[in-house]
Number of protein chains: 2
Amino acid sequence: MVRTKADAKKCCTTSETLALPDVAWAEDMAKLTWALAHPARVRIVRLLLNRTSCMCGEIVEEMPLAQSTVSQHLKILKETGLVQGEIDGPRVCYCINKEAMAKLKKLIADL
Amino acid sequence: MVRTKADAKKCCTTSETLALPDVAWAEDMAKLTWALAHPARVRIVRLLLNRTSCMCGEIVEEMPLAQSTVSQHLKILKETGLVQGEIDGPRVCYCINKEAMAKLKKLIADL
DNA sequence: GAAGCATATCGTAGATCGACGATACACAAT
DNA sequence: ATTGTGTATCGTCGATCTACGATATGCTTC
């Protein structure tokens, strides 16, 4: 089972394109996936998907994290556009941005 | 347009379930999305998807990064299972782990 | 205006990331 | 065995993440 250089060559079909995908596209994808790259943020998103909307306080109650930490994660989710926050008096009502969600799903599905 | 406490209440349908998703599920999702949470790794994955397989050196050539940096990213992709590396003599042939890829797609699609 | 509640921001500390060059390792060819 | 090539690992540095408590902000109510 000695493998020669010729054998190794077989593993790579050099005729296939190697062109790098668009840098902007990659950054877009990375930004969106990064939003979900932390268990706490995944749980928050899942939580919001189960409801039409949710108050910040309710999220904090369900998470084993300090209020300030949850607020930080929410900020990240807002910055990436996955989540929207609507000020409602002294509270804030969070909900999923369905467009951003659809974009993420499409990006992954088309991968 | 003064909003009272009763109005605020409307924004949240408290009858909906608030049960947190499984922690393990969230960690699973976070691990996989984190693998794509960097533009360089997104580009590498895309590159591998365009080919049946690819040598490490070819990836390095196409990326504006040092060989050691690319190797680090590949290590992360291998650890998350998205990418497999097959030793082929002195070289390593990388390819996408289709099962892991399918799992990621399903996780996102089912979100 | 004062008090109270909900949320955001600040400041900090430790952990991890991301980049690189230098170096070690593994295999092939000589 | 030695050399050369391709890849992985090490060590380091600055930047960023994540967590927290403390504090500021904004709105409502009294």
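Just so we're on the same page: letters track the sequence lines, and every chain starts at 1. Computed over heavy atoms, backbone and side chain alike; hydrogens, waters and symmetry mates excluded.
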Any salt bridge (charged side-chain N to carboxylate O under 4.0 Å, His left out) involving residues 25-40 of chain A? Give me the pairs, sequence neighbours left out, ordered by first then second residue.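 Those involving residues 25-40 of chain A are D28(A)-K103(A).
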Mind calculating the distance between [atom1] ([X]) and [atom2] ([N]) to the nearest angstrom?
X: E61(A); N: dA6(C); atom1: CD; atom2: P; result: 9 Å
X: I59(B); N: dG6(D); atom1: CD1; atom2: P; result: 14 Å
X: L74(A); N: dT7(C); atom1: CG; atom2: P; result: 10 Å
X: I87(A); N: dG26(D); atom1: CD1; atom2: P; result: 10 Å
X: E86(A); N: dG26(D); atom1: CD; atom2: P; result: 18 Å
X: R91(B); N: dG6(D); atom1: CZ; atom2: P; result: 6 Å
X: L77(A); N: dT7(C); atom1: CG; atom2: P; result: 16 Å

Atom pairs and distances, side-chain donor-acceptor, residues 67-74 of chain A, under 3.5 Å, sequence neighbours left out:
unit_1, atom_1, unit_2, atom_2, d
H73(A), ND1, R41(A), NH1, 3.1

Under 4.0 Å: is that the gap between some side-chain N or O of K75(B) and OP1 or OP2 of dT7(D)?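 Answer is no, no contact under 4.0 Å.
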Any Y94(A) side-chain nitrogen or oxygen under 4.0 Å from OP1 or OP2 of dA6(C):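 Answer no for this pair, as no side-chain N or O of Y94(A) is under 4.0 Å from OP1 or OP2.
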Only one of R51(A), M55(A), K78(A), E86(A) clears side-chain contact (heavy atoms from CB on, under 4.5 Å) with Y94(A); which?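 The side-chain contact (heavy atoms from CB on, under 4.5 Å) with Y94(A) is passed solely by K78(A) among R51(A), M55(A), K78(A), E86(A).
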Can you measure from CD1 (I108(B)) to CG (L104(A)) and round to the nearest 0.5 angstrom?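 Taking CD1 in I108(B) and CG in L104(A), the distance rounds to 5.0 Å.
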Is it true that a side-chain atom of T33(B) and a backbone atom of L36(A) form a donor plus acceptor pair closer than 3.5 Å?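 Yes; at least one donor-acceptor contact below 3.5 Å.
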Between the protein and nucleotides 17-23 of chain D, which nitrogen or oxygen pairs are less than 3.5 angstrom apart?
unit_1, atom_1, unit_2, atom_2, d
dT18(D), OP2, R41(A), NH1, 3.1
dA19(D), OP2, H73(A), NE2, 2.5
dA19(D), N7, Q72(A), NE2, 3.1
dC20(D), OP2, A66(A), N, 3.0
dC20(D), OP2, T69(A), OG1, 3.0
dG21(D), N7, S68(A), OG, 3.3
dG21(D), O6, S68(A), OG, 3.2

Surrounding CD of E79(B) (heavy atoms of other residues, nucleotides or ligands, distance under 6.0 Å), is the total greater than 12?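 Enclosed.
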